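A quick write-up on the structure given underneath.
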Amino acid sequence: MISFRTLTLMLGTLLIASISSRIEAAKWQISTPTNVLIDTSLVAAEELSGITYKGPGATALHHTFLAVQDDGGKLLTLDVELSPTGSLVAASTTASLTLAASFDFEGAAYTNPTRNSVFLSEENSPGVREYDLSTGATLQTASIPSVFSNRRANRGFEALARSPDGSTMWVANEEALTVDGPLATASTGTTVRLLKLNVDGNAVSAAEQYAYQVQPIHLSGIRSERRSGLADLVTLPDGTLFGLERSFDVGVSALLYKSRIYEIDATSATDVGTAPFNTGLIGKSYTPVSKELIWSGSAAGANGQNLEGLTLGPRLANGNWLLVGVVDNSNGSDPVSFNTLVTFELSAIPSADFDEDGDVDGRDFLAWQRGTGTAIGATHSQGDADRDGDVDAADLAIWSEEYGAPAIVAAVAIPEPNALLLLTFGAVLIVGRRQ
């Protein structure tokens with residue numbers, strides 16, 4: 001017979017430990033991509049390198065995106081039509097804006113309807129600049145740490161992302177700075193820097209930097225034009241950062257492209273934006289960000305296409321999100337890449353293990369309780385179980401399911417953890433008296 005003391009310890013342990021102990025390696029998953037040629041009959045388009053979501057279009061099932069050309073200083077407006085289930089139907093260019101200055105633009109990040117502007121990253125300086133969407137005028141140029149002036153030609157700031165709540169941006173060079181290491185080869189990758197930019201109102205300031213290791217070139221070709229680099233970044237509603245890597249090599253008959261999308265975690269990474277690393281990473285000891293492969297393959301066609309830009313699009317009726325990418329056709333000189341729009345359906349892997357200790361328990365409930373009511377920019381650690389950027393009843397339902405006691409949560413007002421403790425030990429006391 002189990003003693004009263006043993007039973008007390010067992011039930012106390014069960015209160016702390018979770019009935020569910022699932023640990024997810026990744027937070028998100030994506031579908032096989034679909035693609036459609038962009039109709040450029042109304043507005044010509046060449047070398048589309050960055051894309052950003054502006055918002056719903058004028059009519060149902062239509063959405064507006066902005067895409068920047070990496071030559072000519074042009075920002076194009078795209079109309080994208082989706083089916084009721086979120087499938088890609090059509091895409092077309094509808095307008096063109098000439099920007100105040102022409103750089104080798106690569107990444108794009110829309111701000112909001114009030115500010116009505118877009119940030120663009122460029123490879124020349126490299127730099128991050130903000131432009132007015134009504135006039136094309138330059139609104140500001142972000143101050144960038146001097147170490148990035150060591151960029152290699154045509155391998156500067158390729159990637160740019162802005163968080164849905166507008167509080168941060170991320171920018172990164174395509175391949176290693178000259179002071180950070182070599183370019184990618186078929187046997188070794190290259191090390192780039194992720195630069196976090198804090199946004200306070202409309203003011204932008206440089207923050208942490210992290211090393212990111214890009215994969216090697218996926219093939220070994222016969223010509224010198226080969227590379228593997230970080231093509232773009234995407235920030236998801238829960239703050240998770242995605243990285244789009246692009247590898248291409250020259251085969252016997254055609255250019256072959258391989259795209260990879262990684263989930264990035266900088267939790268344990270070294271901030272290389274500090275003094276010891278201002279002269280470079282070569283010979284220094286540091287921990288790069290960790291990354292988890294989410295998808296790898298051809299963005300479109302048997303030989304792949306030059307998928308160069310990626311952005312978070314609208315939320316679909318089923319609760320998933322759309323990732324939207326754009327292909328650079330290299331001004332027609334690339335025989336396999338065209339003006340193509342690519343979409344992925346993005347779904348969260350729900351988890352109520354908010355403290356990420358491997359179980360779902362009362363401590364996770366407390367995290368949800370503290371974060372409840374956060375309407376935008378919520379992180380997983382704040383109680384966002386479904387990773388949609390807020391903390392609400394839907395997140396509590398996931399905690400309830402994973403903890404294994406939905407009836408208790410649904411039937412009574414949400415108790416404090418101490419109340420749960422009293423209920424548990426009350427049951428223990430009853431059992432003990434009966435014994």
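Given the structure is predicted, the values throughout are model-derived calculations rather than measurements.
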(request) Without swapping roles, check the side chain of Thr111 against the backbone of Ser117 for a donor-acceptor pair under 3.5 Å. (result) yes

(request) Search all heavy atoms of Ala211 against all heavy atoms of Thr191 and return the closest pair with its distance. (result) CB-CG2, 4.0 Å

(message) Do the side chains of Glu245 and Lys258 get close enough for a salt bridge, i.e. N-O under 4.0 angstrom?
(response) no

(message) Treating Trp368 as the side-chain partner and Asp392 as the backbone partner, does any N or O pair qualify as donor plus acceptor under 3.5 Å?
(response) yes

(request) Please answer whether the main-chain N or O of His380 pairs with a side-chain N or O of Arg387 as donor and acceptor at a distance below 3.5 Å. (result) no

(request) Measure the shortest side-chain to side-chain distance between Leu244 and Leu307 over non-hydrogen atoms and say whether it is less than 4.5 angstrom. (result) yes

(request) Give a yes or no answer on whether the side chain of Asp384 reaches the backbone of Gly389 with a donor-acceptor pair at less than 3.5 Å. (result) yes

(request) Could you please spell out the steps behind the ring-ring contact (aromatic ring centres under 6.0 Å, His included) verdict for Phe242 and Tyr262? (result) CA-CA 6 Å; Phe242 269 11; Tyr262 289 91; 9.8 Å; no

(message) Working to the nearest 0.5 angstrom, can you tell me the gap between Ile294 CD1 and Leu346 CG?
(response) 9.0 Å

(message) Just so I know, are the side chains of Leu194 and Val289 near enough to count as touching, which here means a heavy-atom distance under 4.5 Å?
(response) yes

(message) Nearest 0.5 Å, please: how far is CD1 in Ile398 from CG in Asp364?
(response) 12.5 Å

(message) Nearest 0.5 angstrom please: Lys54 NZ to Thr77 OG1, how far?
(response) 6.0 Å

Name each donor-acceptor pair under 3.5 Å that joins a side chain in residues 372-379 to protein atoms two or more places apart or in another chain, with its distance.
from   : atom 1 : to     : atom 2 : distance (Å)
Thr374 : OG1    : Gly371 : O      : 2.7
Thr379 : OG1    : Ser381 : OG     : 3.0
Thr379 : OG1    : Gln382 : OE1    : 3.3

(request) May I ask you to check whether Tyr131 and Phe105 place their ring centers less than 6.0 Å from one another? (result) yes

(message) With side-chain contact (heavy atoms from CB on, under 4.5 Å) as the test, pick out the partner of Thr93 among Leu76, Asn339, Asp39.
(response) Leu76

(request) Could you grab the distance from atom CG of Leu197 to atom OG of Ser167, nearest 0.5 Å is fine? (result) 11.5 Å

(request) Taking all heavy atoms of Asn320 and all of Ser347, pick out the closest pair and write down the distance. (result) OD1-CB, 3.2 Å

(message) Is there a salt bridge (Lys or Arg N to Asp or Glu O under 4.0 Å) between Arg151 and Glu123? Walk through the geometry before answering.
(response) CA-CA 8 Å; Arg151 62 101 177 95; Glu123 292 197 299; over 6 Å; no

(message) Within the supplied structure, the quantity of interest is the number of heavy atoms (other residues, nucleotides, ligands) at a distance under 6.0 Å from Asp200 CG; does it exceed 12?
(response) no

(request) Establish, for the pair Arg363 and Phe354, whether the NZ or CZ atom is under 6.0 angstrom from the six-membered ring centre and no further than 45 degrees off its axis. (result) no

(message) Taking side-chain contact (heavy atoms from CB on, under 4.5 Å) as the criterion, tell me which of Leu66, Thr311, Val327 meets it with Ile51.
(response) Thr311

(message) Tell me whether Glu175 is salt-bridged to Arg155, with the criterion being a basic N under 4.0 Å from an acidic carboxylate O.
(response) yes

(request) May I ask you to check whether Thr343 and Thr34 show a side-chain donor-acceptor distance below 3.5 Å? (result) yes

(message) Looking at Asn116 and Leu133, would you say the former's side chain and the latter's main chain have a donor-acceptor pair under 3.5 Å?
(response) no

(message) If you compare all heavy atoms of Ile144 against all heavy atoms of Pro126, which two are closest, and at what distance to 0.1 Å?
(response) CG1-O, 4.3 Å

(message) Tell me whether Glu158 is salt-bridged to Arg246, with the criterion being a basic N under 4.0 Å from an acidic carboxylate O.
(response) yes

(message) So which atom in Gly189 and which in Gln213 form the shortest heavy-atom distance, rounded to 0.1 Å?
(response) C-NE2, 3.5 Å

(message) With a 4.0 Å cut-off on N to O distance, would you call Arg129 and Glu122 a salt bridge?
(response) yes

(request) Considering only NZ, NE, NH1 and NH2 on the basic side and carboxylate oxygens on the acidic side, decide whether Lys27 and Asp238 come within less than 4.0 Å. (result) no

(request) Determine whether the side chains of Gln215 and Ser228 contain a donor N or O and an acceptor N or O closer than 3.5 Å. (result) no

(message) Under 6.0 Å between ring centres: does that hold for Tyr53 and Tyr110?
(response) no

(message) Does any part of the side chain of Thr185, heavy atoms only, come nearer than 4.5 Å to the side chain of Thr190, both counted from C-beta?
(response) no

(message) What verdict does the side chain to side chain contact (heavy atoms under 4.5 Å, CB included) test give for Asp180 and Arg193, after you've listed the backbone C-alpha separation in whole Å, the side-chain angles of each residue and the deciding distance to 0.1 Å?
(response) CA-CA 9 Å; Asp180 285 348; Arg193 293 193 185 212; 2.7 Å; yes

(request) Only pairs at least two apart or in different chains count here, so list each ring pair (Phe, Tyr, Trp, His ring centres under 6.0 Å) that has a residue in residues 275-308. (result) Trp295-Phe344

(message) Is the shortest side-chain heavy-atom distance between Trp170 and Leu195 below 4.5 Å?
(response) no

(message) Under 3.5 Å, is there a donor on one side chain and an acceptor on the other for Glu130 and Gln140?
(response) yes

(request) Would you check if the side chain of Asp232 reaches a backbone N or O of Leu160 as a donor-acceptor pair within less than 3.5 Å? (result) yes

(message) Could you check whether Asp249 pairs with Arg227 (Lys NZ or Arg NE/NH1/NH2 to Asp/Glu carboxylate O, under 4.0 Å)?
(response) no

(message) For a 4.5 angstrom cut-off between non-hydrogen side-chain atoms, does Trp28 reach Glu292?
(response) no

(message) For Asp359 versus Asp357, what's the shortest heavy-atom pair and its separation?
(response) OD1-OD1, 2.7 Å

(request) Show the numbers, then the answer: is there a side chain to side chain contact (heavy atoms under 4.5 Å, CB included) between Thr52 and Phe65? (result) CA-CA 6 Å; Thr52 183; Phe65 290 80; over 6 Å; no

